[in-house]
Undergrad: 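Here it is: the structure, laid out below.
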Amino acid sequence: GDPQAVANFQSGSIDLLFISKPDVQAMPVGRATLIYRSPVYVLVNKADPLARQSVLTSKDFEGHTLLVNGGSSPLLKKLQQKVVKDSRVQTLNSPNHATTLINVAAGNAVCLTPGYFKGYTPQISWVPFHTSLSYYDCYLVTSNEEKRTIVKELISMIKDQVDNLLNAQR
């Protein structure tokens with residue numbers, strides 16, 4: 001997660017935090033509500049043959065350049081390492097998500113990314129990535145002292161909306 005957002009949450013400056021499982025486990029305080037499981041995707045240029053596949057595995061990366069780092073979470077780093085180990089792939093360091101999108105759109109490389117970053121860029125396809133580790137549990141976290149009904153209702157509404165969106169996509 002964003003270190004500044006976590007610090008603001010821990011100091012009480014913000015009441016609600018969106019965060020993934022590895023970050024939840026590292027937090028000393030807070031009550032977490034699972035909102036959804038976010039799949040991991042491979043970002044590929046639409047002209048790349050990988051963009052036409054329905055699901056990709058680490059062996060599909062052979063001959064491609066994989067963007068790595070750029071603030072990647074421990075889970076994403078583990079997936080990147082698996083791809084490098086399982087296929088003949090070159091790596092290129094990407095300092096941030098914006099640079100990653102530029103490199104993928106230009107056809108210079110591919111990238112693994114959580115689905116909660118999913119957006120629309122005309123030159124990029126989001127292809128599901130499949131391994132046993134290919135999802136992020138996403139949570140909304142409140143302080144342990146949070147008792148306001150409105151916050152509980154907001155979390156419930158968000159969870160319902162996410163469930164409805166996911167069910168509509170199936």
Side-chain angles (χ1 to χ4, degrees), residues 1-6 16-27 32-141 158-159 161-170:
D2 174 18
Q4 185 61 49
V6 172
L16 193 60
L17 183 64
F18 177 83
I19 201 162
S20 64
K21 185 175 186 172
D23 296 320
V24 165
Q25 292 171 324
M27 290 190 57
T33 302
L34 179 64
I35 299 300
Y36 73 107
R37 282 189 144 171
S38 174
V40 173
Y41 289 86
V42 181
L43 300 183
V44 298
N45 182 285
K46 284 195 174 179
D48 190 303
L50 293 179
R52 294 188 288 278
Q53 296 189 33
S54 58
V55 176
L56 297 171
T57 66
S58 58
K59 295 195 186 303
D60 294 315
F61 286 73
E62 193 159 317
H64 284 78
T65 299
L66 177 67
L67 294 167
V68 297
N69 298 325
S72 296
S73 69
L75 173 61
L76 209 53
K77 286 180 182 177
K78 186 183 278 189
L79 291 172
Q80 291 166 351
Q81 291 166 358
K82 179 173 177 32
V83 168
V84 170
K85 180 179 154 261
D86 290 351
S87 62
R88 287 187 300 225
V89 65
Q90 294 181 333
T91 60
L92 178 64
N93 188 49
S94 180
N96 55 52
H97 193 65
T99 303
T100 295
L101 292 175
I102 290 166
N103 275 297
V104 172
N108 297 332
V110 298
C111 179
L112 294 165
T113 190
Y116 56 77
F117 282 130
K118 195 169 184 181
Y120 178 74
T121 304
Q123 301 86 358
I124 296 175
S125 290
W126 291 67
V127 182
F129 180 68
H130 180 72
T131 74
S132 60
L133 304 172
S134 59
Y135 63 87
Y136 280 78
D137 286 336
C138 298
Y139 296 85
L140 286 175
V141 181
I158 291 170
K159 184 159 179 34
Q161 287 299 313
V162 168
D163 289 345
N164 290 339
L165 286 170
L166 293 176
N167 287 333
Q169 292 176 358
R170 292 183 185 144

Undergrad: Which heavy atom of L17 sits nearest a heavy atom of A5, and at what distance?
TA: CD1-CB, 3.8 Å

Undergrad: What are the two closest non-hydrogen atoms of L76 and P114, and how far apart are they?
TA: CD2-CD, 4.1 Å

Undergrad: Would you give the length of the straight line joining atom CD1 of I35 to atom CG of D137, rounded to the nearest 0.5 angstrom?
TA: 11.5 Å

Undergrad: With side chain to side chain contact (heavy atoms under 4.5 Å, CB included) as the criterion, how do T65 and T91 come out once you've worked through the C-alpha distance, each side chain's angles and the decisive distance to 0.1 Å?
TA: CA-CA 5 Å; T65 299; T91 60; 6.0 Å; no

Undergrad: With sequence neighbours left out, write down each residue that passes side-chain contact (heavy atoms from CB on, under 4.5 Å) with E62, or none if nothing qualifies.
TA: S87, R88

Undergrad: Which heavy atom in L56 sits nearest to a heavy atom in Q53, and how many Å separate them?
TA: CD2-OE1, 3.3 Å

Undergrad: Measure across S58 and K82 and return the closest heavy-atom pair with its distance rounded to 0.1 Å.
TA: OG-NZ, 4.1 Å

Undergrad: Which distance, rounded to the nearest 0.5 Å, do you find between the CG of N45 and the NE2 of H64?
TA: 9.5 Å

Undergrad: Measure the OG1-CG distance between T100 and N69 for me, rounded to the nearest 0.5 Å.
TA: 9.5 Å

Undergrad: Distance only, no hydrogens: is a donor on one side chain within 3.5 Å (strictly under) of an acceptor on the other, for T99 and N96?
TA: yes

Undergrad: Could you state the interatomic distance from CG (L112) to CD (Q80), rounded to the nearest 0.5 Å?
TA: 6.0 Å

Undergrad: Between the side chain of S38 and the main-chain N/O of G115, is any donor-acceptor distance below 3.5 Å?
TA: yes

Undergrad: Using a 4.5 Å cut-off on heavy atoms from C-beta on, say whether the side chain of F61 contacts that of V42.
TA: yes

Undergrad: Might you point out which heavy atoms bring A109 and L67 nearest each other, and give the distance in Å?
TA: CB-CG, 3.5 Å

Undergrad: With a 4.5 Å cut-off on side-chain heavy atoms, are V104 and V110 touching?
TA: no

Undergrad: Just how far is it from atom CG of D60 to atom CG of D86, taken to the nearest 0.5 Å?
TA: 11.0 Å

Undergrad: Rounded to the nearest 0.5 Å, what separation is found between the OG1 atom of T57 and the CZ atom of F129?
TA: 7.0 Å

Undergrad: Please assess L50 against V127 for the test side chain to side chain contact (heavy atoms under 4.5 Å, CB included), listing each intermediate value before the final yes or no.
TA: CA-CA 8 Å; L50 293 179; V127 182; 5.8 Å; no

